[in-house]
Amino acid sequence: MSPSSSFSSSPVHLLEDYSSPNWVTPKAHIRFDLDVENTIVRSEYTVRWNGVQNVTTLPSLFLNGEGMEFLSLRVDGAICDPEEFELTPTGLLLREPPSKEFLLVVENKISPKRNTALEGLYLSGSMLCTQNEPEGFRKITYSIDRPDNMIAFTVSLVGEKELFPVLLSNGNPVATRDLGTKQEAVWEDPFPKPSYLFAVVAGDLKEVSDTYTTLSGRTIQLKIFVESGNQEKTEFAMYSLKEAMRWDEETFGLEYDLDLYMIVAVDDFNMGAMENKGLNLFNSKLVLADKKSATDETFESILGVVAHEYFHNWTGNRVTLRNWFNLTLKEGLTVFRDQWFTEDKTDPSVKRIKDVLFLIDHQFPEDAGPMSHPILPKSYVEMNNFYTVTVYEKGSEVIRMLSVLLGRDGFKKGLKYYLSTYDGQGVTFEEFVSSMEKANGKELPLFRNWYHRKGTPLIQVREEWKPETGEFRLHFSDSEDSELGLMFPIPVALFDAEGKTLQDETLTMQGKSLSHTWKGFVSKPTASVFRNFSAPVKVSFERNEKEAAFLARTETDGFSRFFAFQEVIREKFGISLGSSKKIDKQVIFDIFSHTLQKKDSFPKDYLSYYLSFPGLTNLAESLQTFDYEEIYAQRVLWLREIADHFLPEFQELYEANRNHNPNQNREEIGKRKLKNIALYYLFHSSLDSNRLGNLALSQQKNAKHMSEELAVLRLFSEMGHPLQEESYLTYFEKWKNDSLVLDYWFSVQVSFRDNALLKAKELLEHSKFNWSNPNKVRSLIGAFARNPLSFHKADGSGYQFLSESIIRLNAINPQMAAALAKLFQSAWLQSGKRPTFASEQLKKISEIPNLSRELGEVVSTIRKGWGEKV
Ligand code: B3K
Ligand code: ZN
């Protein structure tokens with residue numbers, strides 16, 4: 001069954017070609033005879049004509065179906081002769097449908113065990129499970145597999161009791177039957193849904209149950225299914241689910257609609273999780289956690305992803321998509337909802353800082369490279385390739401802008417209007433934006449251009465100060481000569497010299513430029529613009545360094561204060577690159593001192609971010625200079641200077657936060673982070689590295705929380721410390737039987753420094769590495785390619801390593817291969833012969849036999865973007 005269809009024979013899908021389906025299947029009864037090697041699927045559909053009513057001859061009906069063995073076809077009970085239909089590599093064509101409504105029964109066979117692509121029905125460990133978004137259902141059975149075909153499903157699952165004591169599907173369990181050594185379970189989902197939300201799970205699973213009572217008093221059963229032995233590790237996921245349910249009721253008045261909500265943890269999963277109606281499937285790493293084995297970052301991801309999938313129940317499932325071009329309609333919106341949720345549950349400034357850093361480090365480069373696309377892509381060959389940071393994260397920023405333009409209450413009104421008007425339908429971004437307009441009585445015409453314009457807009461900001469009249473003017477202009485003028489909010493604060501807020505107001509850009517004048521000042525105010533990162537744009541605001549430094553100390557908005565400091569650091573750091581002279585860093589030291597003196601007035605996790613020095617990728621991206629060796633060398637010098645300057649302060653910070661409880665609350669998470677940041681600076685100072693090494697090793701050995709333990713491995717690895725190997729070994733011996741914990745171990749060893757290639761090759765041969773497990777592939781190969789120092793080695797060896805891995809994965813899991821191939825994008829900006837080496841590797845990939853649709857599209861898009869003949 002793997003790999004999927006080949007690239008060369010795959011058509012391009014165009015948004016402009018979209019039309020609604022001629023035929024739909026409002027009802028389906030799918031029966032599975034489950035078997036690891038050979039599963040028989042029998043699908044019974046009510047097929048209905050959905051085209052123009054006065055049609056004279058009914059056109060043919062095409063059912064999607066790939067990589068399966070056809071068994072039989074019946075129409076209205078009669079078996080079809082071979083000449084009545086045609087089987088193609090992508091489906092089944094019924095030449096002459098008998099009437100406008102009829103019953104079709106099709107039978108086919110699939111092999112879950114051979115399905116290493118992990119799409120459709122597949123085997124993970126001893127469990128059978130499905131992944132159908134976007135187009136996996138067509139790998140299970142013949143169907144009209146598109147999101148605008150809404151289906152009321154009934155599902156019968158038949159399987160060996162011993163192998164599959166637990167049989168699950170969407171909706172409600174309605175019957176079970178004992179069939180001797182086998183059993184049958186019947187599930188019915190009362191909510192019609194597209195096939196991408198269909199799910200099945202069968203296995204020997206243990207259940208952890210809880211209940212949730214909605215604000216209207218309904219009791220919902222909550223169940224998390226895991227492999228035996230993992231029950232203890234579900235507490236935090238269950239807590240996250242209940243928090244998300246409460247939050248959606250309190251914030252948007254949205255209540256869960258079934259009586260049962262299930263989550264299943266799956267070890268082999270291509271992404272994070274999947275929002276199938278009533279039966280979410282999750283990558284185990286986003287369900288299973290306890291303080292010993294999961295970092296604080298993992299806990300926060302669990303909180304966010306459990307909430308994200310839950311929120312999809314309304315934004316995605318109840319109101320779904322008309323076509324895949326509109327993916328951001330559910331993803332951008334649901335990411336925004338999960339970000340908002342985490343902001344409410346943790347520290348809003350810290351969450352915003354993390355989300356924006358992620359956007360800058362990952363989405364900005366994508367939007368500036370060969371794979372740049374608008375949040376509403378206009379064409380695709382393989383939809384899986386468009387689950388991008390642009391569709392998700394930029395999509396979320398676009399939705400967030402609505403919540404600023406309309407206010408959060410206006411946004412809530414708009415969302416309620418949208419969900420109640422389009423409940424049960426598949427719609428487009430247009431229905432969403434017009435709902436926001438209608439509910440708020442406000443027109444947003446230019447806002448729609450965000451869905452069509454690609455690239456990160458660059459906004460120039462100029463200020464004018466007229467001391468004689470006390471007038472202060474800000475001018476904003478869109479530097480791109482684009483037809484697609486934009487609408488976005490610009491929150492502005494003006495501060496006096498004492499840091500008092502003189503003005504706090506939100507301006508709205510509509511089109512290409514905007515000027516605003518304030519009057520009545522006695523001295524020039526300091527302006528903070530685009531507060532809280534109000535639009536996904538780059539801002540060029542040439543101004544006095546002192547003003548940014550002033551904002552870094554006084555901005556009342558925590559996010560903008562952090563970013564002002566980053567701006568100061570980046571400016572200075574940029575000057576130091578390529579300069580042999582030592583740069584005066586007094587302004588930076590002053591901000592550090594000021595902040596360290598006031599440290600008790602900040603939440604600890606906020607302070608830990610504020611004190612962190614920007615990472616390699618962030619420096620490269622924001623300075624648009626990609627000589628990583630130079631950036632790395634300078635960064636080490638800077639860190640040493642800062643560390644030595646504030647040695648007593650960092651020592652004190654380490655000691656003060658050394659003792660903590662291993663609990664998941666803000667205070668304790670903050671302590672762990674601060675302690676680790678302090679240790680990071682101490683390691684860069686001129687203190688004796690042996691003594692520090694022993695201190696760190698004892699932190700690792702006595703750790704009560706994974707965040708303490710892993711921080712040490714990271715430090716040793718980043719510093720290339722002599723105790724590194726001992727640290728890795730200690731960790732391995734402790735955790736060798738916990739596959740999820742070993743993922744951290746794989747990744748930490750290849751994430752830093754310029755000599756990771758040897759390690760990566762060695763780890764590929766390790767008995768715990770497994771090419772078929774996406775978490776392992778991401779932890780080793782993905783982490784290696786995200787380490788710029790090793791990946792962008794001048795001799796091209798990093799590129800060769802990646803391309804060889806990709807070629808191997810093309811035959812196992814094309815989605816993983818394609819995801820890794822995207823990492824080549826950044827090679828084009830590198831110096832020397834690197835772009836040539838990278839393009840040779842891509843060419844090599846493009847020439848392999850059986851190049852999959854997923855990988856082929858990525859490689860050809862990058863090569864075209866680089867101006868190569870493809
Ligand atoms: N909707 C899924 C992602 C499906 C990815 C398919 N390659 C998870 C999510 O965004 O919630
Ligand atoms: Zn999602």
Side-chain angles (χ1 to χ4, degrees), residues 4 115 117-120 122 129-139 145-147 170 193-199 237 240-241 244 248 261 263-266 268-283 285-287 301-321 323-342 355 375 377 380-396 399 426 774 777-778 813-822 852-855 857-858:
S4 68
N115 181 1
L118 313 184
E119 198 182 30
Y122 67 93
C129 60
T130 51
Q131 171 53 36
N132 291 329
E133 183 178 359
E135 296 178 336
F137 195 69
R138 63 187 62 183
K139 296 179 176 178
D145 186 19
R146 45 187 287 170
N170 318 83
K193 61 175 178 292
S195 44
Y196 84 85
L197 290 171
F198 173 91
S240 305
L241 176 59
D248 222 13
Y261 193 89
I263 289 179
V264 182
V266 183
D268 304 295
F269 210 63
N270 278 344
M271 63 262 177
M274 177 64 214
E275 70 265 24
N276 315 302
K277 182 80 188 187
L279 178 58
N280 287 186
L281 264 64
F282 268 64
N283 188 323
K285 75 168 180 196
L286 290 167
V287 179
S301 303
I302 292 175
L303 181 74
V305 178
V306 168
H308 179 99
E309 305 312 330
Y310 175 72
F311 297 154
H312 267 315
N313 188 55
W314 280 97
T315 51
N317 300 5
R318 285 286 288 257
V319 179
T320 194
L321 310 178
N323 53 46
W324 289 117
F325 301 101
N326 277 279
L327 180 61
T328 199
L329 173 66
K330 75 178 177 78
E331 294 305 347
L333 174 56
T334 307
V335 171
F336 173 57
R337 274 156 48 70
D338 87 54
Q339 290 182 349
W340 183 346
F341 165 74
T342 303
D355 290 337
I375 60 169
Y380 63 86
V381 175
E382 167 55 57
M383 189 55 211
N384 271 312
N385 289 332
F386 284 84
Y387 288 74
T388 59
V389 275
T390 297
V391 166
Y392 274 63
E393 272 71 25
K394 184 176 179 182
S396 160
I399 301 291
V777 170
R778 275 186 284 260
N813 185 334
Q815 258 184 69
M816 289 306 299
L820 289 175
K822 288 184 183 177
S852 64
R853 184 162 63 206
E854 289 86 343
L855 180 57
E857 180 180 29
V858 170

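When a ligand or atom number is given, it counts from 1 through the structure's own listing order.
- Under 4.0 angstrom from ligand 1, the non-hydrogen atoms of Glu133 come from both its backbone and its side chain.
- Below 4.0 Å from some heavy atom of Glu275 lie the following atoms of ligand 1, by number and element: 1 (N), 2 (C), 8 (C), 9 (C), 11 (O).
- For residues 385-396, the salt bridge (charged side-chain N to carboxylate O under 4.0 Å, His left out) pairs, not counting sequence neighbours, are Asp367-Lys394.
- A donor-acceptor contact under 3.5 angstrom links the side chains of Asn813 and Asn270, judged on distance only.
- By the 30° and 60° cut-offs, the orientation of the rings of His312 relative to His308 is perpendicular.
- Partner Glu133 forms a side chain to side chain donor-acceptor pair (under 3.5 Å) with one of Trp324, Tyr196, Tyr387 and no other, that one being Tyr387.
- Under 4.0 angstrom from ligand 1, there are no non-hydrogen atoms of Met383.
- The shortest N/O to N/O separation between Glu331 and ligand 1 falls below 3.5 Å.
- Counting only N and O atoms by type, the side chains of Asn280 and Tyr261 include a donor and acceptor under 3.5 Å apart.
- The line from CG of Asn385 to OH of Tyr380 is 11.5 Å long, rounded to the nearest 0.5 Å.
- Listed for the Thr390 side chain is no donor-acceptor partner under 3.5 Å among the backbone atoms of Ile375.
- Lys330 counts as a contact of ligand 1, since one of its heavy atoms falls under 4.0 Å from the ligand.
- Residues forming a salt bridge (charged side-chain N to carboxylate O under 4.0 Å, His left out) with Arg138 (at least two apart in sequence, or on another chain): Glu135, Asp145.
- In terms of protein heavy-atom proximity, atom 3 (C) of ligand 1 is nearest to Tyr392 OH, 3.5 Å.
- Close approach to Gln815 involves these atoms of ligand 1, each under 4.0 Å from a residue heavy atom: 7 (N).
- Of the protein's heavy atoms, Asn384 OD1, 2.7 Å lies nearest to atom 7 (N) of ligand 1.
- Minimum-distance N/O/S atom of Glu331 relative to the Zn ion (ligand 2): OE1.
- Each of the atoms 1 (N), 2 (C) of ligand 1 lies under 4.0 Å from some heavy atom of Met274.
- Ranked by closest heavy atom to atom 8 (C) of ligand 1, the top entry among Pro134, Ala273, Gly272 is Ala273.
- The ligand atoms of ligand 1 that sit less than 4.0 angstrom from a heavy atom of His312 are 9 (C), 10 (O), 11 (O).
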